[in-house]
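Below is one structure, written out as C-alpha cells; the observations come after it.
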Amino acid sequence: MLPRVLVCGQYLLMCHLPFPLQHLISESRSHFLSSFGPGGPYEGTVALYRRNTSSAVIGKFDAPLIHALADTSKVRWIAQSSSGYDEIDVQACKERGILVSNTPRANEDATATTTLYLMISCLRRFSMAERSLRSGTWKTPCDAAQTHDVTGRTLGIFGLGGIGLRFAHLAHAFPMRIIYFSRRKAESVPDWCEYVLSLEELCKQADVLSIHVPLNQSTTGIIGEKEIRTLRRGSVLLNTSRGRIVDQEAMIRALEDGHLSSVGLDVYPDEPRVDPRLLTFPQCTLLPHIGGVSAESSRAKELQALRNLKAFVLGGIGEDIVPELKTGIGNSTML
Ligand SMILES: O=CC(=O)O
C-alpha cells in the first residue's frame, strides 16, 4: 500500500502530489483514533496535514491524542499548516517519535500588516470612528482630537522573529523609534532596530508594546500585571500572536483604570470565546483571529506544508521541523 497522507482541517489547493491524500471523514475523536487499523479508512497513513480547524471535530492534538495516534497508527509526521503549533503537544510527539513541522514565513506579511492596522486603529481610534458612522451617529462618541499620531512614538517589539521584524520595517516608515527584546539579540537587523536587555526595559520604554513570541510553557502569561504596570500610563498593547501569552485579567484591569489606553487584539485565550468585558471598551480594536490569513498567505502555508510532507514521504525527512524537535531526529524518520 502506498504511504498516505491524511488531511485534517480545511485544505484548498488542487495540485498533483506524489502520494494519495485522504480527507478526514471522522465526526468524532473516537472515530478518528479507531480508523487507522487494518481495513479502516485511514489505514496506511504515515503523515498528517493539520490545520487548527480540525479541532472542532477531533479536538486538539494533546498528549492523550498523540499517544493514541502513536499506539494505533504509523503516523510519524504532522505538518501543521500555520506558524503557531501550540495546539499540538510537541513533548508527547517527542516521546513517541513523531515529528512536527510548521509553516514559518508564509504569513509574516499578513500578520505584520494586521498588527500595523491594530496599532494605527488603537492610536487614531479608526475602528471606533467607523462604528460611530455605521451606527448613524457620525463622529460621536469618537472624538478625533483626543487621538494620537503614530509618528515619533516608541514601538516595543517582544520577539523579533519573521513577523516581528516585518512589523518593525512597516512601523519604521512613519518613522517610529523601534526597540525589541528577544531571547537573544538578532543578527543582521538594521541599526535603527535597537535591542534592549530585558522585557522590563522594553516595557519601561515602549508607548506601544506588540507581542510576537510563540505560545509555549515559558511564554504563557508572560505579559502579566507587573509587565503591564511597567508600561507607561496610556500605553497601547497589541497581540497578534496567541491570547494566553497575556494575563487577560490584568489587561482588563488596566483598561478599566485607564493604565492602558487601548488594546488591539486578534487573539484570545479561549477562542472563539471573547470575554464580554472586552466589548465594553469602544476604543479597543478587536479582530476574530484573522491576522495571518489572506489569499496569498493561505496558499503559501498550504504549499509549504505540502513541501514538508513531500520531502518526508519521498525522502524520509521533511523540512521546517519545529525547534523543540530539531534534536534527536534520527529515530523518527520513515527510512
Ligand atoms: O495564527 C496563525 C498562525 O499561527 O499561522
Side-chain angles (χ1 to χ4, degrees), residues 7-13 48-56 58-62 77-90 93 99-119 157-167 170 182 210-220 222-223 237-246 248 263-274 278 285-309 318-325:
V7 176
C8 302
Q10 198 186 18
Y11 172 81
L12 303 168
L13 281 177
L48 305 181
Y49 170 97
R50 183 185 185 277
R51 288 197 53 188
N52 287 354
T53 50
S54 66
S55 288
I58 52 178
K60 292 189 181 173
F61 279 32
D62 51 16
W77 195 279
I78 300 170
Q80 171 73 15
S81 180
S82 65
S83 55
Y85 51 92
D86 46 285
E87 290 202 359
I88 304 177
D89 189 321
V90 286
C93 290
L99 285 174
V100 179
S101 58
N102 67 338
T103 56
R105 305 177 295 282
N107 64 3
E108 281 172 7
D109 195 60
T111 312
T113 306
T114 302
T115 320
L116 181 71
Y117 164 75
L118 291 176
M119 178 172 69
I157 297 187
F158 180 33
L160 200 75
I163 296 170
L165 185 58
R166 178 75 186 124
F167 179 42
L170 296 177
S182 274
S210 189
I211 298 168
H212 299 286
V213 290
L215 176 67
N216 54 40
Q217 272 178 357
S218 57
T219 59
T220 302
I222 194 168
I223 302 298
L237 178 64
L238 307 175
N239 192 1
T240 52
S241 181
R242 286 293 182 267
R244 288 179 192 273
I245 295 169
V246 178
Q248 182 167 258
V263 299
L265 305 176
D266 184 46
V267 288
Y268 308 85
D270 189 21
E271 295 175 10
R273 184 178 174 273
V274 177
L278 285 172
T285 301
L286 307 174
L287 295 176
H289 201 155
I290 50 160
V293 185
S294 64
E296 292 76 15
S297 72
S298 300
R299 187 179 156 77
K301 275 187 275 195
E302 287 197 6
L303 284 172
Q304 193 170 352
L306 290 177
R307 265 198 305 278
N308 297 337
L309 285 167
E319 291 161 31
D320 299 315
I321 297 170
V322 301
E324 294 89 333
L325 301 181

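Values reported hereafter were calculated over all heavy atoms of this structure, with side chains retained and with hydrogens, waters and symmetry mates removed. Just so you know, ligand 1 is whichever comes first in the structure, and atom 1 is the first atom listed for that ligand.
The shortest distance between side-chain heavy atoms of K60 and S55 falls below 4.5 Å. By the 4.5 Å heavy-atom criterion applied to side chains, P104 and Q304 are counted as neighbours.
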Under 3.5 Å donor-acceptor pairs involving side-chain atoms of residues 158-166, not counting sequence neighbours:
{"unit_1": "R166", "atom_1": "NE", "unit_2": "D109", "atom_2": "OD1", "d": "2.6"}
{"unit_1": "R166", "atom_1": "NH2", "unit_2": "D109", "atom_2": "OD1", "d": "3.0"}

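Side-chain atoms of T240 and T115 form a donor-acceptor pair, as typed in the model, at a separation below 3.5 Å.
Protein neighbours of ligand 1 below 4.0 Å, counting non-hydrogen atoms: S82, S83, G84, N107, R242, H289.
Qualifying side chain to side chain contact (heavy atoms under 4.5 Å, CB included) partners for L287, counting only residues two or more places apart in sequence or in other chains: T114, Y117, L118, D266, I290. Under the salt bridge (charged side-chain N to carboxylate O under 4.0 Å, His left out) criterion, E108 pairs with no residue at all, not counting sequence neighbours.
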